Amino acid sequence: MLDQQHGLYIAHGPNGPISIIGKMANRHGLIAGATGTGKTVTLQVMAETFCQAGVPCFMADMKGDLSGISQTGKLSGFIEKRIAEFGMGEPQFQPCPVRFFDVYGEQGHPMRSTVSQMGPDLLARLLALNETQTGVLNIAFRIADERGLLLDDMKDLRAMLDYVSKHAAEYTTTYGNIATATIGAIQRSLLTLDNQGADKFFGKPSFDIKDLLDRENGKGVMNVLAADKLMLQPKLYSTFLLWLLSELYTTLPEVGDLDLPKLVFFFDEAHMLFEDTSKALIDKIEQVIRLVRSKGVGIYFVTQSPTDIPENILGQLGNRVQHALRAYTPKDQKAVRTAADTFRPNPEFKTEEAITNLETGEALVSMLDEKGAPTMVERARILFPLSQIGAISDSERDNLIKSSFLYGRYDKAEDRESAFEMLLAQTEKEEQEAQAAAEEKVKAKEDAKAAKEKEKADKKPGLMKRILKAILTAITGTIATIIGTKVANTVSGTKERKSSTTTTGKIAKSATQAATRTITRDILGNLIK
């Protein structure tokens with residue numbers, strides 16, 4: 001709770017109140033402990049303390065318990081006992097202004113990012129791509145930038161990969177080999193991501209990171225992400241939160257060390273961020289965490305054991321709250337020793353022993369002092385929240401969502417003209433041009449065939465005419481001979497028929513045959529024409 005005398009008061013130890021120094025709150029922190037030791041309540045106490053100081057927070061709600069921060073708390077026997085232990089007056093229970101978010105848009109305002117904003121490196125991690133596949137994905141993003149193609153959602157990325165595959169030969173000499181099998185592997189990974197509901201995360205309108213920095217009536221707004229469903233997809237969960245951190249880093253201006261941070265970011269189940277993560281990406285995370293504090297952002301990791309955090313990052317977490325750890329196995333015992341070694345020793349107790357003996361709601365606490373040095377570890381009891389402990393009802397959540405300043409801003413998805421539509425139009429145009437070229441080719445082939453046939457037809461009548469003329473001559477000669485003979489025999493009489501060698505008969509026969517040939521030729525010629 002915020003206290004005029006003690007500032008950001010979060011715990012009470014043997015020597016009195018333990019507070020977070022405001023200007024050291026952006027030096028990041030750690031809340032660790034086994035399941036059921038009170039990590040969630042500690043997170044709620046710290047968050048509402050920042051809220052009362054006017055510092056907005058972002059936190060992931062795994063079980064719905066953090067939604068109670070939106071309601072006024074109530075006095076209970078446990079709280080009465082704590083009040084007596086701490087020597088406090090009667091607390092003023094109060095709620096915090098809250099906005100609910102949900103990647104799937106079911107229990108809060110949708111939080112979307114475009115594929116371009118996510119970038120190829122984070123997307124490759126989300127898709128669990130190997131080095132070669134990551135390289136091809138980078139090529140696809142590069143070509144999209146060069147061609148002015150917007151990558152908003154999953155169908156845009158699919159269309160872009162399909163385009164790159166079909167035009168691989170054009171880009172191989174510039175960017176390297178683009179194998180069809182590699183494109184296929186990426187497409188299969190995208191299908192898996194679709195099945196996990198990631199298609200609802202990618203799109204427009206994309207979330208404006210500055211909406212996490214709002215205040216209401218002097219209090220910092222608590223931005224609560226419904227993560228119960230998102231937790232079932234750990235890659236999507238961790239990549240989404242890493243994207244938020246990256247957006248904060250690239251969007252916010254440099255402000256240095258402020259009296260209070262501009263935003264406090266609680267990363268629950270932090271071990272998911274580092275599982276199956278390449279060294280290159282871990283180095284990138286470390287860089288973002290180191291530099292984002294100069295933007296006025298404090299990051300607090302919430303996890304079971306400090307060993308879940310890489311050493312280079314763990315060393316940057318100055319404000320520590322360590323709840324109980326169990327040491328049933330050699331591995332657990334090693335984790336306890338590691339956790340103890342991260343604290344500045346206190347001669348009054350052995351840190352390693354204390355960690356295994358802490359009660360629920362009790363913790364080892366060490367905060368940074370005014371000079372940025374860690375204070376000696378103290379065994380302390382965490383304060384109780386002034387807001388409700390536990391989940392709220394669905395109707396209460398729904399009312400808060402609808403009364404939010406952001407209601408209607410992100411709820412309806414938009415589908416603007418982007419890579420999918422532009423590449424589809426280009427493909428249709430190319431198909432039309434290809435079809436027109438094919439039709440033109442067929443027409444040209446048909447025209448050539450027709451011209452060839454015509455040429456043959458033009459040559460054929462001359463030959464046929466000569467053949468028919470020869471046939472006609474032969475026929476007319478034969479018919480004329482036959483007819484002429486008969487006519488001559490008739491004209492010359494019986495005597496002449498018996499002796500065809502007479503002069504008169506020969507003359508008559510010859511004349512008759514000539515006449516007959518002329519007549520027959522004319523008749524047959526007309527018929528043939």
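Quick note: numbers below take in every heavy atom, side chains included, and nothing from hydrogens, waters or symmetry partners. Treat the numbers as computed from the prediction; the structure is a model and nothing was measured.
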Is [Y] close to [X] at the side-chain level, that is, under 4.5 Å between some pair of heavy atoms?
X      : Y      : result
Val164 : Ile178 : yes
Lys262 : Lys295 : no
His271 : Thr303 : yes
Phe405 : Tyr407 : no
Ile313 : Ile285 : yes
Ile21  : Met367 : no
Lys200 : Val103 : no
Asp415 : Glu421 : yes

Write down the atom of [X], the atom of [Y], and the distance for their closest heavy-atom approach.
X      : Y      : answer
Leu149 : Met160 : CD1-SD, 3.6 Å
Pro310 : Ile282 : CG-CG2, 4.3 Å
Ala34  : Lys39  : O-NZ, 3.4 Å
Ile18  : Ala380 : CD1-CB, 3.6 Å
Ser70  : Pro95  : O-CB, 3.2 Å
Ala363 : Val321 : CB-CG1, 3.7 Å

In this structure, are over 12 heavy atoms from other groups packed under 6.0 Å from [X] atom [atom1]?
X      : atom1 : value
Arg82  : CZ    : yes
Glu146 : CD    : yes
Glu254 : CD    : yes

For this session: Using the ring of Phe100 (Phe, Tyr or Trp, six-membered ring only), decide whether Arg397 places NZ or CZ under 6.0 Å from its centre and within 45 degrees of its axis.
Result: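 That pair qualifies as a cation-pi contact.
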For this session: Any chance you could lay out the ring-ring contact (aromatic ring centres under 6.0 Å, His included) test for His167 and Tyr171, step after step, and finish with the verdict?
Result: CA-CA 7 Å; His167 297 78; Tyr171 298 105; 7.3 Å; no
For this session: Quickly, which of Val264, Val297, Leu241 forms a side chain to side chain contact (heavy atoms under 4.5 Å, CB included) with Phe58? Name it, please.
Result: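 Checked Val264, Val297, Leu241 against Phe58; only one passes side chain to side chain contact (heavy atoms under 4.5 Å, CB included): Leu241.
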For this session: Using the side-chain contact (heavy atoms from CB on, under 4.5 Å) rule, take Ile20 and Met46 through it: C-alpha gap first, then chi angles, then the decisive distance, then the call.
Result: CA-CA 9 Å; Ile20 302 175; Met46 293 178 69; 3.6 Å; yes
Exercise. Once the angle between the rings of Phe207 and Tyr410 is folded into 0 to 90°, is it parallel (under 30°), tilted (30 to 60°) or perpendicular (over 60°)?
Worked result: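 Ring orientation, 0 to 90° scale: tilted.
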Do NZ/NE/NH1/NH2 and the carboxylate oxygens of [X] and [Y] come within less than 4.0 Å?
X      : Y      : value
Arg416 : Asp152 : yes
Asp211 : Arg409 : yes
Arg293 : Asp257 : yes
Asp194 : Arg158 : yes
Glu216 : Arg99  : yes
Lys210 : Asp208 : no
Lys402 : Asp398 : yes

Atom pair [atom1]/[atom2] of [X] and [Y] - distance to nearest 0.5 Å:
X      : Y      : atom1 : atom2 : value
Asn312 : Ile289 : CG    : CD1   : 10.5 Å
Leu157 : Phe420 : CG    : CZ    : 13.0 Å
Glu378 : Phe343 : CD    : CZ    : 11.5 Å
His28  : Ile299 : NE2   : CD1   : 5.0 Å
Ser165 : Gln187 : OG    : CD    : 8.5 Å
Asp214 : Leu406 : CG    : CG    : 7.0 Å

Exercise. Of Phe101, Trp243, Tyr104, which meets ring-ring contact (aromatic ring centres under 6.0 Å, His included) against Phe201?
Worked result: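 That would be Trp243.
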For this session: Taking the six-membered ring for Trp and the single ring otherwise, decide whether the centroids of Phe78 and Phe384 are under 6.0 Å apart.
Result: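 No - the distance between ring centres of Phe78 and Phe384 does not fall below the 6.0 Å cut-off.
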Exercise. Is there a donor in the side chain of Thr134 and an acceptor in the side chain of Arg125, or the other way round, less than 3.5 Å apart?
Worked result: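 Distance-only check fails for Thr134 and Arg125.
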Exercise. Under the criterion side chain to side chain donor-acceptor pair (under 3.5 Å), which of Gln44, Gln94, Lys74 is the partner of Ser387?
Worked result: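 Only one of Gln44, Gln94, Lys74 forms a side chain to side chain donor-acceptor pair (under 3.5 Å) with Ser387, namely Gln44.
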Exercise. Quick one: which of Thr35, Thr42, Thr360, Thr37 gives a side chain to side chain donor-acceptor pair (under 3.5 Å) with His323?
Worked result: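 It is Thr42; the other options fail the test.
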For this session: Could you give me the CA-CA distance, side-chain angles and deciding distance for Phe274 and Asp308, then say whether side-chain contact (heavy atoms from CB on, under 4.5 Å) is met?
Result: CA-CA 8 Å; Phe274 307 105; Asp308 296 334; over 6 Å; no
